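For ligands, and for the atoms within them, numbers begin at 1 and follow the listed sequence. The model shown is predicted, which means the values in this text are computed figures rather than measured ones.
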Amino acid sequence: MTILITGATGQIGSELMPALAALYGAENIIALGHKRKPSSDLGGCRYFSLDIRDQAGLQELVQSYQVDTIFHLASLLSAVAESNPQQAWDININGLINVLESARKYQCGVFFPSSIGAFGPNTPKQNTPQDTLQRPNTLYGISKLSGELLCDYYHQHYGLDTRGLRFPGLISYRTAPGGGTTDYAVEIFAAAVQDQPYQCFLAADTQLDMMYMPDAIAAIIKLMQADSSHLQHRNAFNISAMSFTPQQLADEIKKHYPDFTIHYQIDPLRQSIADSWPQQMSDSAARIEWGWRAEYDLPAMVIDMLQHMRKRLC
Ligand code: AKB
């Protein structure tokens with residue numbers, strides 16, 4: 001079994017890599033990064049620097065290492081995508097097509113991360129159904145929805161085992177996210193443990209779906225190990241864990257750091273992106289089809305994040 005992870009140096013990749021190495025052996029993992037340098041400790045995984053738009057380079061790696069499964073995490077996040085839509089389309093869509101074409105040629109399974117961004121302003125915001133109206137109005141959202149559909153297409157037409165999840169905002173302490181709309185929910189912890197006030201770029205009452213990284217990693221692994229015959233929504237499962245506003249997160253942090261303060265300086269771009277997203281998705285299809293259940297709620301996540309951020313920064 002050989003696994004290839006694109007975007008392996010990013011927020012999800014840097015945590016998925018050791019989790020997969022522990023399960024399948026580091027010698028069977030090939031990590032691809034591009035812009036961000038990998039950490040010095042790759043735990044024995046092989047590392048290559050490759051632009052995901054380099055189709056020939058990708059195919060050569062997939063062929064020569066006889067890759068079975070590709071976890072395709074390389075992508076631009078919502079706010080950076082919106083500031084350079086053409087580049088975002090190039091990386092998010094042409095990168096995915098390169099992955100799907102390599103998978104088609106060499107018969108690999110593919111994991112694709114979609115997002116709450118694949119929904120739009122007229123999608124129901126609460127208890128967002130698995131199957132519902134999707135008219136995203138950001139380039140990021142358009143690329144995520146197109147990705148879901150492309151993965152469906154390659155499954156239906158070429159029989160590829162493609163699978164995917166719609167992630168909420170992800171909160172983690174190992175690698176910072178780069179250029180997302182939900183990044184405030186990571187930045188706030190760095191400020192809190194260093195006894196600094198936090199200036200938030202979203203309004204106090206902006207409610208969004210969120211998830212702690214250990215749950216996200218467990219979800220990826222559980223979905224990829226699930227019996228394929230049980231998967232009806234194979235490429236775009238809603239998964240949900242907690243939903244809160246910046247003020248609610250700050251109030252939870254204050255229980256541990258009573259002097260912590262938050263101020264609001266709204267960034268109109270990221271606010272408008274957040275306002276177009278669901279506040280809490282229904283994850284009933286994931287629960288029924290492959291037994292999904294989150295471990296961390298808001299209080300448990302805050303305790304764990306503060307502990308790890310303290311260790312890293314103080
Ligand atoms: C972002 O904010 O762009 C991502 C996401 C929710 O897809 N974290």
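- Within 6.0 Å of CD on Q66 lie no more than 12 heavy atoms contributed by other residues, nucleotides or ligands.
- Below 4.0 Å from some heavy atom of W277 lie the following atoms of ligand 1, by number and element: 1 (C), 2 (O), 3 (O), 6 (C).
- For I273, no heavy-atom contact with ligand 1 is shorter than 4.0 Å.
- At the shortest separation from atom 8 (N) of ligand 1 among protein heavy atoms lies T182 OG1, 2.9 Å.
- Counting atoms of ligand 1 from 1 in the listed order, those under 4.0 Å from a heavy atom of S115 are 5 (C), 6 (C), 7 (O).
- Below 4.0 Å from some heavy atom of G180 lie the following atoms of ligand 1, by number and element: 1 (C), 2 (O), 3 (O).
- For ligand 1, the atoms sitting less than 4.0 Å from at least one non-hydrogen atom of S78 are 1 (C), 2 (O), 3 (O), numbered in the order shown with element in parentheses.
- Classification of the Y173-Y212 ring pair by plane angle, with boundaries at 30° and 60°, yields tilted.
- For Q265, the CD atom counts as loosely surrounded, since its 6.0 Å shell holds 12 or fewer non-hydrogen atoms of other residues, nucleotides or ligands.
- E60 CD: 12 or fewer foreign heavy atoms inside a 6.0 Å radius.
- In this structure, Y65 has its ring center under 6.0 Å from that of F48.
- Geometrically, ligand 1 and Y140 share a nitrogen or oxygen pair separated by less than 3.5 Å.
- Side-chain N/O atoms of N238 and H233 include no donor and acceptor closer than 3.5 Å.
- Less than 4.0 angstrom separates some heavy atom of T181 from each of these atoms of ligand 1: 1 (C), 2 (O), 3 (O).
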